Each structure stands twice: as structure tokens, then as C-alpha cells.
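Here is the naming used below: chain letters follow the sequence lines, and residue numbers restart at 1 for every chain. Since this is a predicted model, take the numbers as computed values, not measurements.
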Protein chains: 2
Amino acid sequence: MKASNIREHLRKFTRLPHLAGTKQNLVYAEQIREEWLSFGLDSVELVPYDVLLSYPNKSQPNYISIVDQLGNEVFNTSLAEPVPDGYEGVADIIPPYSAFSPKGQPEGELVYVNYGRTEDFVQLKREMGINVTGKIVIVRYGKIFRGNKVKNAMLAGAKGIIMFSDPADYSAVGVQPYPDGWNLPGGGAQRGNVLNLNGAGDPLTPGYPAKEYTYRSNLEDGVGLPKIPVHPIGYHDAMHLLKNMGGRLPPNNWKGALNVSYSIGPGFTDTFRTQKVRMNIHTNNQVTRIYNVIGRIRGAQEPDRYVILGGHRDAWVFGAIDPMSGAAVVHETVRSAGKLLSNGWRPRRTIIFASWDAEEFGLLGSTEWAEDNAKLLQERAVAYINADSAIEGVCVCLCACVWLVFRYMHTHIASPEEGEEGVSLYDSWHKRDNWTSDRDAPRISKLGSGSDFEAYFIRLGIAAGRARYTKDRKTERYSSYPVYHSVYETFELVERFYDPTFRRLQAVAQVRGGLIFRLADSQLLPLDANEYAGSLRRYVLSIAERAEKHPEEMKMYRVTFDALFSAEENFTIAARDFHVRLQNLNRVRMVNDQLMYLERAFIDPLGLPGRPFYRHLIFAPSSHNKYAGESFPGIYDALFDIESSANQQQAWQEVKRQISIAAFTVHAAAMTLTQPA
Amino acid sequence: MKASNIREHLRKFTRLPHLAGTKQNLVYAEQIREEWLSFGLDSVELVPYDVLLSYPNKSQPNYISIVDQLGNEVFNTSLAEPVPDGYEGVADIIPPYSAFSPKGQPEGELVYVNYGRTEDFVQLKREMGINVTGKIVIVRYGKIFRGNKVKNAMLAGAKGIIMFSDPADYSAVGVQPYPDGWNLPGGGAQRGNVLNLNGAGDPLTPGYPAKEYTYRSNLEDGVGLPKIPVHPIGYHDAMHLLKNMGGRLPPNNWKGALNVSYSIGPGFTDTFRTQKVRMNIHTNNQVTRIYNVIGRIRGAQEPDRYVILGGHRDAWVFGAIDPMSGAAVVHETVRSAGKLLSNGWRPRRTIIFASWDAEEFGLLGSTEWAEDNAKLLQERAVAYINADSAIEGVCVCLCACVWLVFRYMHTHIASPEEGEEGVSLYDSWHKRDNWTSDRDAPRISKLGSGSDFEAYFIRLGIAAGRARYTKDRKTERYSSYPVYHSVYETFELVERFYDPTFRRLQAVAQVRGGLIFRLADSQLLPLDANEYAGSLRRYVLSIAERAEKHPEEMKMYRVTFDALFSAEENFTIAARDFHVRLQNLNRVRMVNDQLMYLERAFIDPLGLPGRPFYRHLIFAPSSHNKYAGESFPGIYDALFDIESSANQQQAWQEVKRQISIAAFTVHAAAMTLTQPA
């Protein structure tokens, strides 16, 4: 795999905006199909679905005003981001908006609610005594998924919500705004969908693929659609809205980095007291055709075992980081696989490459395809490797998945860093991000959520992994990367600042491609149940610790984690015995099936409470906190709910119920590892 | 397998009552374990669960009274059935009762509602204008599951429900009551549970096995527990309640065979007008330990592929037909398998034998074990053969399962009938029950519901089959068999009337055992997807025909079955191509997996509307009509609901939604049969 090729792929696919559902994104899909075929895949097809998307109204722009007593607009937010040099003539740059916001022109006083988290709203209400019913809330981006902020605002009674990028969360220290550096300029803003899908895919066809004949629910019954207008702004515009706010002063941890007081409101102060804020939102929902590109290499020995490398293609604008840095890596992986095929190689198992559409609108392309193929995938999929943005920082190649064996790949890959000639990627990674003080290994993190692996991992229980270059999590505090989802995600951003030699992207291609090749070709699957056992142990300890902050209630309601600890021990023993049995291996397919189905064993067909499509009992987003990646989300949420519940008895019963379900599931997973008969 | 052994097994296990949760049923479980071990199985274990059962109060009997104006009891129903000869000294014969009835002493006027079906209550309300709110309804047993009658009565507002066995439904023409014949005596009554579990298993632990550590919901939140008192009576007692009823005369098809008018009520007539009916119910719910017996033979080549033969052991009293005629057959099958093992044979796949507990209380033993082992079963179970009552008539060996290949077995088994020496069971069956006029083959019916295969087939999607001797469905009109669930199900009943030579039970043993052996030992699984395709075609035609009774509405709401017909055609082609590919078979495990997972492909993880544990989209009980075995229950129920719905628009939308889901599922099933890559 060549750095120069990856550069070319990235250049080629970032010249024009290619939002999901647009002509240009179909053009790229067709181009990818043609190129994958020419690389030598056995088959490549476009797979369409008709899903609900959301676009601003072309003739009525979205913006936010400050209006005076007479209703005159005395300030309006900008209608678009300043276009970066070299892209001036480009058509179809969609302005910043919150996809799936309902239309509306709510007017009212502003209330500032920090990051808009559950705990921020609780603090606002309990400690500050501020009720946001009928108000418009303004929150800063970051910490949690924007859709959760919107949900929290709705639940609190707000009639609109404005989200802004604060420099405290979207600027690195000592870095210039783009184009002189990679920080977010004041005129930039973060696009994004504001759904609460909880893994449902297309809001109108939850659980089923959005085909032509599929029944669609009414918009009012659509899953996860927000009911209040939402709009994103940059920090220049945010200054204007925040600077005159009145009311009480904020706690310290509510303050961002703008030169304003971050007063909570409600409303403006002094002479501005009579001014209000009005949102003007005219965004339309629209059922639109999207296209996944699906390519295949037929397995030689086990054609009915699938290894999948998938990443999305649709971008908010040019998408040079998100997602095309990932798509370029997939493209080069396909090219290199084609080369191997032409040399006579054929993998043991079937490999599927996917270029997903409409990820930005709620993981729609990947979820619809997973729904369409759920039966096959459940029985046959060995693993899913995700290929979203391949680089969002310059520190370290971060890998995620608790039990994929990464070591093999990394020790055979060279570090791309200058001054690390002769050093392996593994050692480079290890040096920069050691797991913990008592565990001397490179840190492997949980998968988290918010990208296309969700349906595969959290709904279907297919072992999943991801790998990317990322920032230094210990020192860099900004959320994702500064220009995330802005017009400034250009080819030049990557080439100038993130990966001038494209060797980091090459390293990511080697990791992702290496995983795919090893998963598809090694006789024994590179999965280690002992690693899973170790992680489970840590998770159980950590969730039990959280509960033990309430020792009296635990006593009163007789809550105990004994069953879960015992299940986890049982799992640890089963995993150890399983890997011991592997020493004398004579039934490869049988033990591989045990490995393949172990991830499936953590799926509860009933799903998490109220969230039928989040079915993985160990890994799923908390319902309070989408990106935080809590383990045992059922127990976590039940514990979290205790804090706000009026009925303690009932809330603790739910904790007990969730512990019992988790214990059963871990026991069941252990069973899948024992000798089959 | 020997008839004389089966006789001995039946004799041995029907001497004493062995209700679920009692000492005696544990004694039988232990005895079965010892004998299975001595027969030579690799392992046999008792597997306990703690489930909700229900027993009458020993010190306060249940009965129904007619009370006069002053509240004096002028008539009481009997407290027990007359005990049959030879069993006079037997302790622990539980009197007839409705398991899981709540306690209560409702008093009111009677209303007679025929069989208590949805359509009976609709007719009562719409055509007769009778409201049962606050009344006690009396219905006859038969046509549908008793739990559905109770649900219908509750929904209609009744405050109690009495069920009786009418001779029209529980007597064969020209047959004497037991002990002179096999008809139900007037003092006999049908026990049975009155739950609406919809496949949930233990009412307090839906979805999870009822282990020691399992969280249990409160009784009020238990699944399917009736909220009004229920009691069963025989026809002698029914005469007394019915004979003085007033109100309007019944339609002809509401009349049974008793010498009364079957007047509808409400209440009594003439001089009896002031009398009321009072139910006295003191039954207790109680979490109780039950025991499954699980025996195994380890497979030689594919230990991780399971073939299961399971049937229940618990009986209402002696249970000589239900279930011990089936249990005796399983016992002889185990003995014969042990014999083969001792001769050096070992099956290709693992065989599991199960003696389930607490079937009579809602399929609890089998469902809890299925919940406990859901992951393993989903990945590994090839087929489940059910072994409930092996004989309930003397006409023909009826087999059920749309795509198991029965032909092989039956042509190698001799007909047990006198005068059919030299005739095969297959030909005997074919002669007596030809499929249809245009299909010259023995009729194979749908599995239906109401026995232990439910969790395996309808929840987990494991191919399932059953076989038994049964009545002539064309001439014998009574429901199940006359003494069903009464004290008269004795060894002598079977020996004198149903199978004096025990050769019919031997034939059933040969069919059930033959299926197990073939499923476990043949290289290619004996499953024929073409048969499935043929059945699907007939079901689609039949459900579409039902809808087309509403041509105007179908036009108005744009309802079409096109997508479903097209999915069914797609399935037919995939099945045909699959079996053509089998001609040159070089990957046995792969094609067997395709066959094994085909049944799974009809499972929708979301389940049927409101019934998360009924997940098979082709076969599940209708929510209106438990034993009728409709196909495409989602569409069927949606069509049925149209008739009673106030919002036609919405009701037809649901029909469309269900058609779309069914079409998708049939397409997905077709996909599982296509070449994997």
C-alpha cells in the first residue's frame, strides 16, 4: 500500500461536496464501483435505499436573530461559512444546519446550559432554580452527542436550542485558525444530525431495510426526530448572542474561552432586557435515495464466512478528514487486495468492502444494509472493521476492540513518524499511550459509538474494531478535532497539517488492511477470549464501584453484584479453558464458530430498556451520554437514573433487574466457550 | 423398540399423580435420570428452575354456588371428580381448577357466550346487544385455548368466568363414558392453566431463565396472569347452572348437546330471577422449584450440532395420555439409542433428550431451558422433535412440520393396525388422510401451538416436528380427546381403548426416534426447502384471499400483496436452485448450515406486535385464536382486527405494514439459501 496512492485517492474524492442524497455522491459511488472492479474484485454493486434525509430550504435560509421590542431583527447570524481559498466557485456547499430540525420560528429568552448534558440541566434546575420551559437554550458543542443535547432540551421544556462551538472545545493551544493552522475559525460551524435514533437506522423504517416496497411510518411516528428547532453557529456569532446575557453568573466549569461572562440568563441584561432571540428554521425532511457500494472477494475455503471492511463516503462538504481520509484508506486496501488476487492469492474467507452512504444522517446506509442482510450476517459474519476518518490527530494510532489481536499487525508495520526510523508502529504506539500504570501494553480502547459499526456490533453482535491516528488524549482537550463537520475539512488541511507525507494514512491502511487480511485468511481467528475476560472484569469492578457510592441504599434494597462477579469468574474460566483446548486443534471450524458467536452471545434480543436496536449488553451508548462508551449500559443507566428518580424503591429494583440480566448474559457467553458437547 | 417395553414404561410412570412442583414429579425425574444413565447416555442431569406455579388452597376448596336472595347457597358444584376404580386410596389428586386464577368471590348474573371466542363476544355485543360488564360469563370449552377465553371475558368487562365441557365437544358418538368407554363422564372436568403468556415462559422472568439469582417482577407485573376468577366444571354441574337461565334464545351454532335451552341470560328466568351465581376461588400462586431431565449423546463428527427430542413429564393427575404416552415413547427411544451406543455406534451430531417439567403451567420447563440456552441453541440446534401425548385417537399417525422429510421413516415402519399386515405406516397414513384432492400424498399439518416446541420453534426458529396417533379429523368433531386433563387419563384408558397392543405407540416411537436418528446421523440434513416453498405459496394465497374479501377497502387504502407474492417467488427460486446445487455436494457443513439457519431466517427479533416472544413470522398462534395455527399471524391478526376497529384507515395501515414485514422476511429467508458468496 502506497502513501502516494492514498494521497491521490484523497485528492480525487474531495474536489466537490458530496452530501448524502446528492448527485455528486452518486457520481463518486459509480466511480468507486468502476475502480473497485478494475482493481479486480469478484463483484461490486450499488445497493440503494430510500431513507429520510433533511436539507435546508434553498430559498429560505436558516438563521438566528436578536429582535428588539418591535420585532425588528437587530442582529442576524451568518448564512454560511467563509469559503476557503481555492474553493470559491464551488456550487452546492450546504450551509451549517442541524439535520432533521423541524421547521419553526420560536422566539424567547436565552438560557445558557453549558454542554446541555443531563447533569447540566439537573444542576440548572436544582441548584440554580432556573426553569427553561418556553425558553430557547444555548449550549456549547462537545462532551456528548449533539442529539442528546437536543433531547435534554426538549425534555426540559425548551422551545428551541442553539449549539455553538466554543474555542475552549474546538481550538488547540498555540494553533492558528485554518488556513494558517488547523483550528476552527470563528466563522466556522459544526453541521450534524440531531436525531435520537438509538440505532434504528432510517427513522421511518425501524428494524427493516428502506426498500421500495417497505412500509413507512408517518413523520410524526418517525424514530428520534426532534420536536423543537435546532441550529448550530460558530463562535463569532455566539459572541453576539452571549455577550449581553443577564441572570446569574455561571459555575467555573460552565465557562468557555470566549471573552464573555457566560451568564446563565434567562434573557439579556440592562438595556438589552427587552430584546429576544428568534430562530428562523426552514429545513425540510425528505425521503431520498442513497447508495452503498458493496464489493466482494469470494472466500476459497469458507465462502460463507464474511469479513467486512466498511466506511462511509458521504460528507457534509468536502469531508477530507470525515470520511474521505478513511475512504482513501479503504480504496488503497481494495487496490492492494486486487493485486494479490491477480497474483493467484484468494483468501480463506469471503471479504466484503463497503462504501456506506448517509452516515452523517444517522448511520443510515450501513444500518439499512445490516437490516437487509441481518440473517446472513448473524450466521456468517466473522468481524467488521470500521473505516471512518483515518486521522484526527497526530499523536498515535489508536485501536479499539477489546479482543481483536492487534499485536501481530503492528509489529510488522513501521512507524510513520519522523525520527522513528526502524521503530515499529506497535512500539511507537506503546511508548506514547501505555494502557495503565499496572498494565504495560499499548492502550486499546472501547469502540464507543457514533459510526457505522453500530448496527454490526451493537445490534447484531459482530466482533468489531477500528483504528485511526488520533490526538494525545492526555493533553489535547478539544472535542473530536477543531474543524470537524465544517467547510474547512479540505484536502489541503490534511496535506498541510495532518499528514504531509501521507505515511500516517498509510500506517492506518496497513493496520485496517492487516486486520482484514488476517481475519479473512488465518486458519484460526485472531480473537482472544482471555482479553475479553480481562475487560469484563474491569468493567464489572468499575460499575460495582459506581453503585457502591450508595452503600445505604444498596443495603436497604438488598442490591448485590455477587451474581455478576460470579458470572464474570465463570466467563474467565471458560475463556481460559477454551484457549487451552486450542493447543490441540483438530476441529477448526467448530472453534472458530465458538469465537465468532461469542460476540453474538452478548446480544439480548430484547435490547436495552426502551431501545430495541441497542442490544449489546456490554457495549452500547448510555442513554444519557452517547459518546462516553460506558460498559454495562443497562446497569449504568439504572444507576444514573437513581439520581433523578422520585421513586427510589423502583429505581433500585431496576438496578437489581439489570444486574441479573447482565449476570445471565455473561454466563450465557461463558457457555458458548465451553466444549460444545 | 418394543411395544411391551413401552407398556411397562407407561405403567410405571402413571401409578401416582405427578403434578409439576410436587415431590412425586421429582421422584419420577430422578428415576428417569437413573434409567437413562443405565441405558447408556453420556450424561444426564436434573436442571432446576424456580417458576411461578398455582395450586388450589388445601383448606378452602374452590367451587361455584347458586345463591338465593338471602345469600344462601342453594346449589354448589362438586369439589372433585369421582375417582376411577382402582385409584380410590390415591392421595394428592388435585381437584379440577384453573391454574393462575386470582382469588375472589365475585357474585352476579350469568351470561352464556358460546365458546368465548372474539367473534362470540362481538356477536353478543353487536347482534344481541348484551353487555357483560359486571356479569359472570359461562362458556364451553373447545375451539380455542382456554386462556384466550379468559382474556376475551376480561376485555369484555366480566368479573368472573366459568368454563364447562359440553358433551357436544367432549363426547364421541356411540361411545360410553369412562370406564365403559373413552368419553368424558358428567362428573369429569378439564383442568388447565388460563394464562396468556404468548411464549414468555415463567410469568415473573420473561425473556430470562428463572434461576436463583434472577430478578423477579412483582405478581402485578407478571406476564399473562388473569385478573378475574376462573373455574372449570363438568357437564353435570353445568346443567344446574344453565337450566334456569333466562334472556334471549341462542343462535343455533351456540347450542351444545345438553338438554337445556342455552339461553344467553343475563341471569335466571321466572322464579329463579332473584338467584345469583357466586364463584369461590382460593387458588394460590407460588414460586416453586421444577426439574427438567436433560440427557446427551455426544456427536462424533459434529458435537456442536444438536438434535433435540423433548417432551414433558408433569401431568395434571396420572396423565396416561397427556403426557406419559409421549414420555413412555421417549423412554423407549433412549433405551434403544443406548443399545446402539453399546454396539459401538455414535451419531454424527449430538442428541439431546429432555423430560420437561411444568408444561401444564405454561410450557415453563421447556421455555426456561430454551431461555437458559438460547445462544447455544440459536447457533447449534439442527432440529427439535416434540414428544407430548403420543396418541389421542386411533385413526392415523399425523405428522407436523412443513419441511422435515418424513417419507423415509414411514416407508420403513409397519402399520400397527389390525388387517394391515405388510402395509407400511406411510401407506396406511396416506390411505386415511390424503393431503388434498389435487395433492396425492399423506397430509402433513402445521405444528400449531400449545406444547413444548413453542420456545424452540416460534421464539428461536429451530426446525421442529411432531408426530402422534390421532383422531379422524374429517369425522370426529370433539376437541382434543374427551377425557383430556381429567382424572380419567389412566393407564387402563390407554390399554383398554386407545392401544391395547401398544403397537400404535410403538409406531409413534419409530417415527419420532427415526426422525431423531436421521437428523443426527445423516450427512445431509433431511430438510427440504422446496416443501417450505410450496407451503409458503399456499399460505400467501390463503391470506391474500382473506384480505380480498374487502375489495373496496383494499383499493381505498392501496393495499397490495404484490411484494409478498414476489418475495414468495424469489424464495421458491432460491429453494429450487439450492437443491439443484446439492447434486454436487462438496461442502456439507456449509449447506447444512444453510438448511439449519433457514428456519431461523423467519424469526423477526422484534417479534409480533405486542408479543416479543412470538417471533416466527410464518408460524405463531394468532392473538385471537391460539390453537388454530394460522400462517402469517401478523397479517392474519391485522386483517382480523379490521372487523372490530373504529379507525379503518389505521387498521389498514397496519395490514400494509405487516405485508411489508412479511415480504422482507421471506426475501431474507430466500437469501439464506442462495450461494453464500
Assign the ring pair A:Y532 / A:F571 to parallel, tilted or perpendicular, where the plane angle (0 to 90°) is split at 30° and 60°. perpendicular

Answer with side chain, backbone, both or neither: which region of B:T350 has an atom nearer than 4.5 Å to a non-hydrogen atom of chain A? side chain

Largest heavy-atom contact set with chain B, pairs under 4.5 Å, which of A:H667, A:R296, A:K211: A:H667

Proximal component of B:I297, with respect to chain A [non-hydrogen, under 4.5 Å]: neither

Separation of B:R600 CZ from B:L377 CG (nearest 0.5 Å): 8.0 Å

Examine whether an atom of B:R380 lies under 4.5 Å from a heavy atom of chain A, and if so say whether it belongs to the side chain, the backbone or both; otherwise answer neither. side chain

Below 4.5 Å, heavy atoms only, C-beta onward: do B:V287 and B:R216 meet side chain to side chain? yes

With respect to chain B, which residue among A:G207, A:P209, A:S217, A:A668 yields the maximal number of heavy-atom pairs within a distance under 4.5 Å? A:P209

So A:D202 and A:T367, do their side chains get closer than 4.5 Å, heavy atoms only? no

With a 4.5 Å cut-off on heavy-atom pairs, point out which of A:T665, A:I659, A:D604 contacts chain B the most. A:D604

Is it the backbone or the side chain of A:R305 that comes under 4.5 Å from a heavy atom of chain B, or both, or neither? side chain

Does a salt bridge link B:D521 with B:R346, judged by any charged N lying under 4.0 Å from a carboxylate O? no

Any donor and acceptor pair, going by atom type alone, linking the side chain of A:E599 with main-chain N or O of A:G461 inside 3.5 Å? no

Could A:R611 and A:D637 be called an ion pair, given the rule that one side-chain N must be under 4.0 Å from one carboxylate O? yes

If one checks every heavy atom of A:E302 against chain B at 4.5 Å, the contacting part turns out to be neither

Scored by heavy-atom pairs under 4.5 Å with chain A, the best of B:P612, B:G607, B:P303, B:P605 is B:P303

Sort B:Q658 into side chain, backbone, both or neither according to what part of it lies under 4.5 angstrom from a heavy atom of chain A. neither

Output yes when B:R298 and B:D304 qualify as a salt bridge under the 4.0 Å nitrogen-oxygen rule, no when they do not. no

Given heavy-atom pairs under 4.5 angstrom as the criterion, report whether the side chain, backbone, both or neither of B:D42 touches chain A. neither

Toward chain B, the part of A:Q301 with a non-hydrogen atom under 4.5 Å: backbone

